[in-house]
Amino acid sequence: MLNKTSQPSQEKIPVKEIAEDFHPAGVAELDLYQKREKIYTRKIEGFYQRIRLYTGWPLLLGYFLLPWLNWSGSQAVLFDLPKRQFNIFSLTFWPQDFPLLALMMIIAAFALFAVTAWIGRVWCGYTCPQTVWTAIFMWAEQFFEGSRNQRIKRDQGPWSRDKVLRKLGKHGAWIGVALVTGFTFVGYFSPIRDLTQSFMQVGIGSANDSWGLTWGLGWWEIAWINFFTCATYINAGWLREQVCMYMCPYARFQSVMFDKDTLVVSYDASRGENRGPRKKSVIPSEQGLGDCVDCKICVQVCPTGIDIRDGMQFECIDCALCIDGCNSVMDQMGYERGLISYTTENALEGKPTTLFRPRLVAYGVAVLLMMSLFSWAIIVRVPLELDVIRDRDRLYNETTDGLVENSYTLKILNMDQREHSYELTFSGLDHGIIIGKNKVFVAGGEVTELPIRLQIDPSNIPATNTSIVFLIESTDGSDYLATAESRFIGPETPAGRSGE
Ligand code: SF4
Ligand code: SF4
């Protein structure tokens with residue numbers, strides 16, 4: 001510690017030149033960018049791959065065929081943004097139905113939470129579009145470029161005619177799949193039959209296009225098809241596991257839904273260790289070995305390139321490829337299957353697994369309640385809406401017959417997909433009459449404006465400003481009804497109302 005009277009030392013602190021690459025002991029240079037190592041996955045077959053096939057194909061076919069399905073004469077599933085209508089089979093959702101759509105999304109989110117808490121990332125492994133499309137792209141890669149070893153060897157070797165042709169074939173197939181995917185996606189928003197017809201009209205020799213091409217498609221359609229084609233090609237062809245690891249938020253927060261009873265793909269270290277190669281004839285326990293022969297098949301088949309033997313990792317998408325890979329090795333070695341398996345942390349620790357735990361029950365009850373609420377809302381939902389706009393130019397008119405008249409414009413929105421006939425009535429103004437049409441047909445998904453006037457003898461007007469209710473009711477047996485409130489304005493003085 002310095003004394004108050006002490007003088008600063010005149011002695012200079014020696015300065016030492018430090019080499020640019022010097023790092024103090026224990027401090028390593030950390031590169032925040034990790035270069036991606038290309039993953040060459042090995043093809044594997046087995047029980048879980050068959051399940052992936054059986055779940056993947058129906059989903060793919062559903063995706064590609066659904067927009068071609070017609071329902072009551074129009075596209076069964078169409079998100080018609082210009083008309084602001086979402087058609088899902090017999091249901092049409094309008095902007096007014098946003099709470100229902102929001103409820104649907106919340107149900108889907110809770111269902112995903114429940115499934116994740118119960119059986120882990122089964123969504124990621126079997127049904128996520130990223131997984132399904134990546135599997136198709138991998139299949140194309142194997143078709144054109146061969147097995148894992150052949151692909152590694154070819155990529156390390158020089159460019160040759162064979163290599164160029166194989167690469168061209170692979171990328172051609174990827175672009176083809178990506179284009180059909182992007183086109184189909186846009187077909188959910190723009191009627192797919194018209195879209196296909198327009199797509200076919202692309203030709204050469206336009207008078208009004210600087211590139212000499214004619215486009216049957218609109219520019220926004222071209223832009224979105226291109227966008228989704230590129231997104232599919234890049235995500236499934238190039239980024240693959242990086243989408244799951246760095247871009248998908250679900251991968252980051254799914255672990256909070258896990259507990260010790262969640263079913264996840266796990267390696268049984270107590271059985272597998274000590275790992276090591278051995279001859280088939282060797283009895284592992286006699287050599288101090290576990291059942292893992294350290295063949296690394298589980299790593300080679302993993303689409304995210306991780307080693308499940310290192311424990312549970314956020315990169316693992318629960319695809320079970322490593323289970324099939326390891327089981328095939330266990331079969332070859334004559335060992336019991338299941339060194340890697342779907343199991344729970346409790347089971348691995350020799351404790352019982354509880355299926356009905358509070359969190360899972362809470363998720364299940366929440367999903368059931370919301371689904372009941374949603375179903376009820378759909379059942380009681382009336383696909384009809386009525387709006388009334390009162391003519392504000394004049395408070396009221398007096399006719400030559402001495403009647404008091406108010407004008408209105410009624411907007412009738414038929415939210416159903418079928419045409420309906422309606423009849424208009426009103427209440428709150430006894431002895432009043434409607435001048436104009438009070439019966440109307442409205443086509444499915446259309447809005448009709450109905451201008452009408454209400455007339456009444458002034459002596460029958462109950463007040464200067466009277467509350468009235470318009471009621472529109474279907475007359476074709478569909479039993480739809482909608483009401484809208486408005487006002488009838490009359491003369492200010494009772495004398496005026498009596499016509500004096
Ligand atoms: S596949 Fe099975 S035996 Fe081979 S390294 Fe992986 S865990 Fe061990
Ligand atoms: S560790 Fe196994 S289950 Fe997880 S992603 Fe890799 S192969 Fe799939």
Side-chain angles (χ1 to χ4, degrees), residues 36-53 55-56 115-116 119-128 130-135 138 148 236 239-248 250-252 254-255 258 262-280 282-285 287-345 348:
R36 183 201 176 208
E37 299 261 334
K38 186 171 176 184
I39 296 170
Y40 294 90
T41 49
R42 184 187 182 118
K43 189 178 172 203
I44 193 76
E45 281 170 7
F47 175 73
Y48 292 105
Q49 293 332 292
R50 281 197 293 281
I51 294 184
R52 269 157 65 88
L53 199 69
T55 52
V115 169
T116 306
I119 41 179
R121 293 177 67 179
V122 71
W123 160 261
C124 300
Y126 295 87
T127 50
C128 172
Q130 176 64 23
T131 307
V132 175
W133 262 259
T134 300
M138 281 180 173
R148 177 176 185 268
L239 295 179
R240 294 189 176 176
E241 80 288 348
Q242 295 187 89
V243 175
C244 313
M245 287 159 68
Y246 304 118
M247 293 157 80
C248 176
Y250 177 56
R252 297 282 164 175
Q254 43 88 24
S255 59
F258 284 10
T262 302
L263 213 55
V264 285
V265 174
S266 305
Y267 165 71
D268 186 353
S270 64
R271 180 185 149 191
E273 302 299 321
N274 294 320
R275 68 185 75 164
R278 80 288 308 263
K279 284 199 174 118
K280 194 175 169 183
V282 162
I283 297 173
S285 54
Q287 305 280 324
L289 291 168
D291 281 355
C292 176
V293 299
D294 206 15
C295 59
K296 295 194 173 57
I297 297 278
C298 52
V299 183
Q300 291 169 9
V301 297
C302 178
T304 64
I306 59 170
D307 188 340
I308 192 67
R309 296 173 301 170
D310 295 340
M312 202 170 84
Q313 293 145 74
F314 81 90
E315 294 96 334
C316 176
I317 56 169
D318 266 13
C319 65
L321 277 158
C322 53
I323 299 182
D324 283 337
C326 189
N327 279 344
S328 70
V329 177
M330 294 295 107
D331 290 349
Q332 281 171 33
M333 296 299 292
Y335 300 165
E336 194 187 334
R337 286 179 160 210
L339 178 56
I340 302 176
S341 65
Y342 272 112
T343 187
T344 67
E345 210 179 316
L348 282 176

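One-based numbering, in listed order, for ligands and for the atoms of each. Every heavy atom of this structure was used, including side-chain atoms; hydrogens, water molecules and symmetry mates were not.
Scanning all protein heavy atoms for the shortest distance to atom 8 (Fe) of ligand 2 gives Cys319 SG, 2.3 Å. The nearest heavy-atom contact from the protein to atom 3 (S) of ligand 1 is Val293 N, 3.4 Å. Regarding atom 5 (S) of ligand 1, its nearest protein heavy-atom neighbour is Lys296 N, 3.2 Å. Protein heavy atom at the shortest distance from atom 4 (Fe) of ligand 2 is Cys316 SG, 2.4 Å.
For Tyr342 and Tyr48, the distance between ring centers is under 6.0 angstrom.
The distance from ligand 1 to the heavy atoms of Ile340 drops below 4.0 Å at these ligand atoms: 7 (S). Contact atoms of ligand 2 toward Cys302: 1 (S), 5 (S), 6 (Fe), 7 (S) (distance under 4.0 Å to a heavy atom of the residue). Of all atoms in ligand 2, listed by their number and element, those nearer than 4.0 Å to a heavy atom of Ile306 are 1 (S). Distances below 4.0 Å separate heavy atoms of Cys292 from the following atoms of ligand 1: 3 (S), 5 (S), 7 (S), 8 (Fe). Close contacts of ligand 1 with Cys295, meaning ligand atoms under 4.0 Å from a residue heavy atom, involve 1 (S), 3 (S), 4 (Fe), 5 (S). Interface atoms of ligand 2 facing Thr304, defined by a heavy-atom separation under 4.0 Å, are 5 (S). Close approach of ligand 1 to Asp294 (heavy-atom distance below 4.0 Å) involves ligand atoms 5 (S), 8 (Fe). Those atoms of ligand 1 with a heavy atom of Arg309 less than 4.0 angstrom away are 5 (S), 7 (S).
With a 4.5 Å cut-off on side-chain heavy atoms, Leu239 and Met247 count as touching. At a threshold of 4.5 Å between non-hydrogen side-chain atoms, the residues Thr344 and Thr262 do not count as touching. Counting only heavy atoms from C-beta outward, the side chains of Ile39 and Pro303 never approach each other to under 4.5 Å.
Nearest heavy atoms, Lys280 versus Gln332: CE-O, 2.8 Å. Gln130 and Cys244 make their closest contact through CG-SG, 4.2 Å (heavy atoms, listed as atom of the first residue, atom of the second, distance). Looking at every heavy atom in both residues, Cys322 comes nearest to Ile308 through SG-CG2, 4.3 Å.
The parts of Ile317 lying near ligand 2 are both backbone and side chain, judged by heavy-atom distances below 4.0 Å. With a 4.0 Å heavy-atom cut-off, ligand 2 is reached by no atom of Cys298. Residue Asp318 touches ligand 2 through its backbone alone, judged by heavy-atom distances below 4.0 Å.
None of Cys326, Cys298, Ser328, Cys302 except one satisfies the side chain to side chain contact (heavy atoms under 4.5 Å, CB included) rule with Ile44; the exception is Ser328.
Classification of Arg309 and Asp294 as a salt-bridged pair holds, one side-chain N sitting under 4.0 Å from a carboxylate O.
The main-chain N or O of Gly125 is found under 3.5 Å from a side-chain atom of Arg52 such that the two form a donor-acceptor pair.
Side-chain contact check for Glu241 and Tyr246: no donor-acceptor pair (N or O, by modelled atom type) lies under 3.5 Å.
Taking backbone and side chain together, Cys322 holds an N, O or S atom under 2.8 Å from atom 2 (Fe) of ligand 2. Taking 2.8 Å as the threshold, Cys326 does not count as a candidate ligand of atom 8 (Fe) of ligand 1, since none of its N, O or S atoms lies below it.
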